[in-house]
Number of protein chains: 2
Amino acid sequence: MSYYSSHPTALLRMSPALIKSSCEGPSTLSNARVSHLSSRHVQYVHSKALSSDAVPSGKSAHYEGGRGRNMIDEITERRAKAGKLVAGIAAVSDSDMFKGPQTGKPKAKRWDNHLSQESRERKPCTLKQAAKFLKKPGLISLGGGLPSSQLFPIAELAMKVPKSPNFSEQATIESGQHISIGKYDVRDHDSEYDLSIALNYGQSTGSAQMMRFITEHTELVCRPPYADWRVCQTIGSTGALEQAIRMFCDKDRQDSILTEEFSFSTALETFAPLGINMFGVKIDEQGLIPEAMDELLSNWDVAARGGAGKPHVLYTVPSGQNPTGATQGTERRKAIYQVAQKHDIYIIEDEPYYFLQMQPYTGADQPSAPVPTSVDEFVSSLIPSLVSIDIDGRVMRMDSFSKVLIPGSRMGWVVASEQIIERYQRHAEVASQGPSGLSQVVLWKLLDDTWGHEGYFQWLINLREEYTHKRDKMLAACEEHLPQSLVSWTPPVAGMFMWLTVDHTQHPSGDATDLIKIEEDIFNSCIENGVLVARGSWFLTEKDKALQGLYFRVTFASASGEQMSEAIGRFGEAVKKSFGVN
Amino acid sequence: MSYYSSHPTALLRMSPALIKSSCEGPSTLSNARVSHLSSRHVQYVHSKALSSDAVPSGKSAHYEGGRGRNMIDEITERRAKAGKLVAGIAAVSDSDMFKGPQTGKPKAKRWDNHLSQESRERKPCTLKQAAKFLKKPGLISLGGGLPSSQLFPIAELAMKVPKSPNFSEQATIESGQHISIGKYDVRDHDSEYDLSIALNYGQSTGSAQMMRFITEHTELVCRPPYADWRVCQTIGSTGALEQAIRMFCDKDRQDSILTEEFSFSTALETFAPLGINMFGVKIDEQGLIPEAMDELLSNWDVAARGGAGKPHVLYTVPSGQNPTGATQGTERRKAIYQVAQKHDIYIIEDEPYYFLQMQPYTGADQPSAPVPTSVDEFVSSLIPSLVSIDIDGRVMRMDSFSKVLIPGSRMGWVVASEQIIERYQRHAEVASQGPSGLSQVVLWKLLDDTWGHEGYFQWLINLREEYTHKRDKMLAACEEHLPQSLVSWTPPVAGMFMWLTVDHTQHPSGDATDLIKIEEDIFNSCIENGVLVARGSWFLTEKDKALQGLYFRVTFASASGEQMSEAIGRFGEAVKKSFGVN
């Protein structure tokens, strides 16, 4: 695996990208405030002139950058050298403006044969292309229909947020910090982002300001091992998945998609109406089994599959899989990737729970294991994402702020090769037009301008602690209340979910052919007893196949410890009743 | 046209909808704050018990409600009688909870034959359906993966906004009002919406709180003449259009769509990759010509059209059409609607510029005409939307806050019949999941909780004044700088755009067959002279047809009066140069 590396010539080599004509905004500038708004072209403004003397080139130490603090320092230094980011209304940006050097990495492969007809036929917006003329000095634009910032009704937006590392709700109420965003902070207060920009139209990629943060965050955590990776902001992972499926799957080709045999029901409901065939791969306690995937693909028979083409896309949730809570270990991920290479599979990895990786379970009567105390230790503790071992550029990684920060922001991002991100962006500009500017400026103010990368990692460490406690309480409740001769589970190492397996072979009816009926009875008993759990059959990938076991999904995300204990007790009673035991 | 009518039994008849089990939320409640969060079921809580005695039924005056103030009073009264809206995290809502009575109105027709296969095959989300069990008292949910509100990092959000009617930027800076939204305002301050709700997951329809405001706004302005109309929030009109097209158009049926012969290029770029055929209808100074539409449809020959099916959808921008700036008058809209009825056409009306209807143009040296002084006068002055004459329920109206408030909110809404909104919602819940909660709570605080309907109308009146001034300056610049023997235009009565027609027959080349070359030369001259305008050919609906005239689109939305004068002068020089005149 080739990791990110950096050397002092970084800035020189970044310069062309930074100052290139990046002005294909959707329409015109507001001419009312030319000095401010003519910054549609992303650029850096430096207090001191950058000369090549200031940045020695060549023969520099070429070192493997570590994840964590070292790289945060590098990023801080890179930003300081680059100067103030100037990116005005609807400024065009891409990750290349913000990445460190990708020396020695190969370029991603091309995926033309994987793209749907719809995606291949997308063309850039005419009006956005016209905006390239805006770079001409003195030009007055009567070209596009952007409202004037003067007519936006919010002069200032302020918020009270946690002061790192005191993240608790109570600490924030008592001693949180007040931060605010003005309409013309860029002009008046030397800020890099303000309401005059965020409240206007933006780009489908999202703002340059958040693009920088997310690109750097991706470097810090994922460091894809190919050169031309990029990110694009999305309407959460749900929005990203819908666009991704339309990009890669084509009904007219009889396309098929692989996923875990039990998979996120909303994802399945996204695929189904598009006429995409779905097939489930066997799973174990680490999720998807690569050997099963290989076997399924090696023996694919189109006729026997009712005309369904051999799958060319894998949709997987590697960490804290929904619904099973399973997490693929490092070796498991590598093995899955190899099978994907063997069969020319493009991988969509959905990682909303990546930062809900938890400490190991210590047992019911033991205190929870302490969380990492440093950013280095924290980042090193994370299982590599599939995109981190992706030498071909065959992975689209979907991430989101929903599970770790603010679901209502409807903000996520995808990481993939330049080719794929460009196609994604073409779709987004005639659909969502990118995430809400209000969401973006609020998250930027918090994450970039207030906490910084280090503070955000501290927040994530705090979250790891919270979820470790929650999971431990759930496990304790299960150990206390469930009949372990009937119900089994694997302590989850990531996510929000636990998968309870009920041994149907012990059911007095002896009728394993009608598991769906037993599942329904237990579910109804649960409701009667006052607990809602999710039925395994809801997540079956292949709906036409009979249920092979009794499973129930429970979450430890929201209920209190006492509630979980009570609720698991009620579930246990329902199981015992169905099985006729005490 | 059957207008909205109301009588005092309204509340009684609303009650079943208000208290019905409306709890199909996406997943679980956070049990951490049961008293607060168990409000997933939308309901009203009243300080005084509502008895049937308090609201006399039957034999009441059955009157035609007027648009404007009278109806605002009705809505105020309706809200007061209904009591506090209680709608917690991801509460399900629909317009029927907030509409006045629709007495005497017919139900909308069904549009099954217009829906695409994709849309017909959509099923409700399994997990959302499971949430219906949440209404059981005392139930503890381990069912869905909603993060706990305690883990959201914003304790309070505050903003400085205009105090109606002093809307200017300067007045806001000097004497704007400060308003704020806390995390637990519903629990602690008797508010109806707060951050604990807005920052969590929501419904694809958007929040109940904004649903109420938008439903009432639709009553105040549009009052569809059929009973079962509803609204659904959208990711702006761009997001709405993409979903609408996938709902109504099906490549496998060889579907075709009609629109103006020059149409919004981004809309055309939305349709094209989906394999939908597009055809342009002749236009005049009031936009789409109904007779031309009738003729086109009456003589449709599938074979002669290369297999393209007879169009069954019309996409039109009735007010301030993009790019031509044309506005359909009331009679024109009725005539278009009749043609749609005759040919079984479903209409998608895109009305982002509806509230940019302006005062009549008074002439270059005259002061602009004064804007309406009252809400009544303002609302009465608006040309009826197509949905306001839609007795069949054959119109989907798309509206948005982008042009009139905050483009970066990515918030809009659609109005259509219950059947269509339900299908739209099924798509949104596996795509965007509805607009950003941050956008929603900010707009709710401003529009509903601070300004109210009356204040928002005052804002829109102020905007009408601003745009009237802007347009008048553009017209004055044209009159001053353009050679009127060569360039002609119609003063726009709505929108942001003006369409300049250059008389190509006078061109010295005499080569009317190569208009695209002349258009390009003029455009390039414009860039050289320092002005960006949009070329007519960019908006051609049928790209394979030769350009029949020379047109340029200019906007008066963003440039100042001085800049417009300078810019139009530069454009005039470019035209004169091409035509060899001084």
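Small disclaimer: the values here were computed from a predicted structure and weren't measured. Proteins come first, then strands; the chains are lettered A, B, ... in the order of their sequence lines, and each starts at number 1.
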If you measure from [atom1] on [X] to [atom2] on [Y], what distance do you get to the nearest 0.5 Å?
X        : Y        : atom1 : atom2 : answer
A/Thr555 : B/Leu146 : OG1   : CG    : 9.0 Å
A/Met474 : B/Leu142 : CE    : CG    : 4.5 Å
B/Ser180 : A/Leu157 : OG    : CG    : 11.5 Å
B/Tyr201 : A/Ile406 : OH    : CD1   : 12.5 Å
B/Leu127 : A/Phe539 : CG    : CZ    : 5.0 Å
B/Leu405 : A/Ile154 : CG    : CD1   : 7.5 Å

Among [options], which residue forms the greatest number of heavy-atom pairs with chain A at distances under 4.5 Å?
options                                : value
B/Ser402, B/Ala267, B/Gly176           : B/Ser402
B/Thr270, B/Val404, B/Val442, B/Ile235 : B/Thr270
B/Met159, B/Lys251, B/Glu269, B/Glu121 : B/Glu269
B/Ala198, B/Gly530, B/Ser237           : B/Gly530

Examine whether an atom of [X] lies under 4.5 Å from a heavy atom of chain A, and if so say whether it belongs to the side chain, the backbone or both; otherwise answer neither.
X        : result
B/Arg570 : side chain
B/Gln243 : neither
B/Phe497 : side chain

Let me know if [X] has heavy atoms under 4.5 Å from chain B in its side chain, its backbone, both or neither.
X        : answer
A/Phe523 : side chain
A/Arg535 : neither
A/Gln170 : neither
A/Phe552 : neither
A/Asn462 : neither
A/Pro137 : neither
A/Ser168 : neither
A/Glu528 : backbone
A/Leu446 : side chain
A/Phe571 : neither
A/Leu463 : side chain
A/Ala431 : both
A/Pro323 : neither

Looking only at non-hydrogen atoms, find the nearest pair between [X] and [Y] and report the distance.
X        : Y        : answer
A/Gln150 : B/Glu169 : CA-OE2, 3.4 Å
B/Ala567 : A/Ile140 : CB-CG2, 3.8 Å
B/Ser558 : A/Gly144 : OG-O, 4.3 Å
B/Trp459 : A/Phe152 : CH2-C, 4.5 Å
B/Pro407 : A/Leu199 : CD-O, 3.0 Å
A/Ser148 : B/Lys470 : CB-NZ, 4.2 Å

Pair [X]-[Y], side-chain donor/acceptor within less than 3.5 Å:
X        : Y        : result
A/Thr126 : B/Ser265 : no
A/His427 : B/Glu242 : yes
B/Ser439 : A/Ser436 : yes

So which of [options] has the biggest tally of heavy-atom pairs under 4.5 Å with chain B?
options                                : result
A/Gly437, A/Gly495, A/Pro124           : A/Gly437
A/Pro153, A/Ser116, A/Ala155           : A/Pro153
A/Thr172, A/Thr266, A/Val161, A/Ile527 : A/Ile527
A/Asp252, A/Ile173, A/Leu195           : A/Asp252
A/Ile181, A/Val531, A/Ile568           : A/Val531
A/Gly239, A/Ala534, A/Ala557, A/Cys125 : A/Cys125

*Is the backbone of B/Ser432 close enough, under 3.5 Å, to the side chain of A/Arg410 for a donor and an acceptor to pair up by distance?*
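Between the backbone of B/Ser432 and the side chain of A/Arg410 there is a qualifying donor-acceptor contact (under 3.5 Å).
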
B/Glu118 vs A/Arg246, test: salt bridge (Lys or Arg N to Asp or Glu O under 4.0 Å). Steps then yes/no. CA-CA 12 Å; B/Glu118 171 184 321; A/Arg246 295 191 191 274; 2.8 Å; yes

### Query
Are the side chains of B/Arg426 and A/Pro273 in touch, meaning some heavy atoms are under 4.5 Å apart?
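No, every pair of side-chain atoms sits at 4.5 Å or beyond.
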
Hey, does A/Leu151 have a side-chain heavy atom less than 4.5 Å from the side chain of B/Tyr467? yes

